[in-house]
2 protein chains.
Amino acid sequence: MDVTGDDLLKMLTALSNQHRLRIVGLLSVERDYVSRLAGRLGMSRPLLHMHLARLEAAGLIEGSLELSADGKAMKFFEVTPFALHLTPESVAEAVKTLSDDRRGDGDEK
Amino acid sequence: MDVTGDDLLKMLTALSNQHRLRIVGLLSVERDYVSRLAGRLGMSRPLLHMHLARLEAAGLIEGSLELSADGKAMKFFEVTPFALHLTPESVAEAVKTLSDDRRGDGDEK
DNA sequence: GACAGGTGTCAGAGAATTCTGTCACGTGAT
DNA sequence: ATCACGTGACAGAATTCTCTGACACCTGTC
């Protein structure tokens, strides 16, 4: 199986946003650092920071702090090669492992 | 090619919810009608109605009003056999056809 | 020191989504 | 007529998400 239902939901939530979809699109072509990315997307750094954090929490992208030649700390982000195959069956499979924060999920048939 | 960026975003938004994921999971096994589904999911009919509308708007499920043997009008829902393959590349491809609806939606096709 | 360009974080307003009420309509059985 | 069971739709509260502004830190250069 692919992922647990919780992880799937987190990934879908992370991708259900225009900006974050665009971020993944850009990073899948070329890795980039925060400030430049903000300029290319036309959004503020704090906002981009939040979106990046969401994507990273979902495991879709990964960031690494690096030092440029002139000593500036730059955080580069790149996509992780995820592959989500979404079908009614795979969703049904993932739902079985969804954490239920309402009540105990029994074996309802 | 899969779908347009707009449609992809709509599908992802529709699936980025615990309840709606569960609905798809149940319906992929067995088609069902609204009231019974509400009972199985433990949610109110109005709420379920909203979630179903969202899923149907995204093209993930489809409803049809049918008449039972005893004359009651029942709306049955079933999943449409969607297949979304999500990878960094497919996202990048879909992003190209994302509509820029920041404000006045002008020249959309 | 002052500046530029990189990083991150916080509080709070604004907007969208989620959820709960309650209501109305239709049909068949009591 | 009243009840049970199906449908749909409407306001309004509660919650979450989105976004902006201002702040603090670090390093190298003028």
Side-chain angles (χ1 to χ4, degrees), chain A residues 6 9-24 31-58 60-78 98 100-103, chain B residues 6 9-24 31-58 60-78 98 100-105:
Chain A
D6 256 18
L9 181 57
K10 205 182 293 181
M11 290 190 202
L12 290 172
T13 306
L15 287 175
S16 66
N17 177 278
Q18 209 186 45
H19 294 313
R20 291 196 288 267
L21 223 48
R22 232 181 274 271
I23 291 171
V24 171
R31 67 200 296 263
D32 210 343
Y33 61 94
V34 181
S35 284
R36 202 169 96 90
L37 205 51
R40 292 211 286 166
L41 287 164
M43 69 171 72
S44 64
R45 266 69 49 97
L47 181 55
L48 176 61
H49 190 270
M50 190 257 295
H51 286 309
L52 288 174
R54 250 174 134 67
L55 284 169
E56 191 173 28
L60 297 171
I61 67 174
E62 197 170 352
S64 60
L65 193 65
E66 299 178 12
L67 289 172
S68 69
D70 50 342
K72 288 184 188 123
M74 304 159 97
K75 186 150 192 185
F76 276 88
F77 278 92
E78 57 195 304
L98 251 181
D100 215 7
D101 48 67
R102 267 180 105 79
R103 56 181 196 173
Chain B
D6 255 19
L9 182 56
K10 203 181 294 181
M11 290 190 205
L12 290 171
T13 307
L15 288 176
S16 66
N17 177 279
Q18 207 187 45
H19 293 315
R20 292 197 287 269
L21 222 49
R22 231 180 275 270
I23 290 170
V24 171
R31 67 200 297 264
D32 211 340
Y33 60 96
V34 182
S35 283
R36 200 168 96 92
L37 204 51
R40 291 213 285 167
L41 287 164
M43 69 171 73
S44 65
R45 264 83 56 180
L47 180 56
L48 175 61
H49 191 269
M50 189 259 292
H51 286 308
L52 288 173
R54 246 172 138 68
L55 284 169
E56 191 173 28
L60 296 171
I61 66 173
E62 197 170 352
S64 60
L65 193 66
E66 298 177 12
L67 289 173
S68 69
D70 50 341
K72 291 190 185 115
M74 305 158 97
K75 187 150 192 184
F76 275 88
F77 278 91
E78 56 196 303
L98 251 181
D100 272 3
D101 49 60
R102 286 236 159 137
R103 39 196 172 159
D105 202 356

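Residue numbers begin at 1 in each chain, while the letters A, B, ... track the order of the sequences.
- Between B:His19 and the phosphate of C:dC19, there is a side-chain N or O to OP1/OP2 separation shorter than 4.0 Å.
- The shortest heavy-atom contact between A:Thr13 and A:Leu9 is OG1-O, 2.7 Å.
- In this structure, B:Tyr33 reaches the D:dG6 phosphate: one of its side-chain N or O atoms is under 4.0 Å from OP1 or OP2.
- Put simply, A:Asn17 has a side-chain N or O that comes within less than 4.0 Å of OP1 or OP2 on D:dT18.
- Proximity of A:His49 to the phosphate of C:dT9: a side-chain N or O atom is located under 4.0 Å from OP1 or OP2.
- Here the closest non-hydrogen pair linking B:Ser68 and B:Met74 is CB-SD, 3.3 Å.
- Contacts of A:Arg54 with the nucleic acid, taken as non-hydrogen atoms under 4.0 Å apart, involve only primed sugar atoms and P, OP1 or OP2.
- Of the candidates A:Ile23, A:Ile61, A:Asp32, A:Phe77 forms a side chain to side chain contact (heavy atoms under 4.5 Å, CB included) with just one, namely A:Ile61.
- Here OG of A:Ser35 is found 10.5 Å from NE2 of A:His49. Values are rounded to the nearest 0.5 Å.
- Between A:Ser68 and C:dG6, a side-chain N or O to OP1/OP2 separation shorter than 4.0 Å is absent.
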Quiz item: How does each nucleotide of nucleotides 21-30 of chain D score, in 5' to 3' order, for protein heavy atoms under 4.0 Å: base (B), sugar-phosphate only (S), or none (-)?
Solution: BB----SS--

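- The interatomic distance linking A:Leu41 (CG) with D:dT20 (P) rounds to 13 Å, in whole Å.
- The separation between A:Met50 atom CE and C:dT9 atom C1' is 13 Å, rounded to whole Å.
- Taking atom CD1 of residue B:Ile23 and atom P of nucleotide C:dT18, one finds them 11 Å apart after rounding to whole Å.
- Candidate nucleotides D:dG6, C:dG6, C:dT20 were compared by shortest atom distance to the side chain of B:Met74, and D:dG6 ranks first.
- Rounding to whole angstrom units, CG of residue A:Leu9 and P of D:dC17 are separated by 11 Å.
- The CG atom of B:Leu48 sits 13 Å away from the P atom of C:dT18 (whole-angstrom rounding).
- Counting to the nearest Å, the C1' atom of D:dT18 and the CZ atom of A:Arg22 are 16 Å from each other.
- A distance of 10.5 Å separates NZ in A:Lys10 from CG in A:Leu60, rounded to the nearest 0.5 Å.
- If you check every strand for non-hydrogen atoms under 4.0 Å, A:Arg20 touches sugar and phosphate atoms only.
- Closest to the side chain of B:His51, from the set C:dC19, D:dA9, C:dG8, is C:dC19.
- Per the geometry, CZ belonging to B:Arg45 stands 15 Å off C1' belonging to C:dA24, to the nearest Å.
- Legend: residues meeting side chain to side chain donor-acceptor pair (under 3.5 Å) with A:Asn17, ordered by chain and number and at least two apart, are absent.
- Residues B:His19 and B:Leu41 form no side-chain contact, since every pair of their non-hydrogen atoms from C-beta on lies 4.5 Å or further apart.
- Rounded to a whole Å, the CZ atom of B:Phe77 is 15 Å from the P atom of D:dG6.
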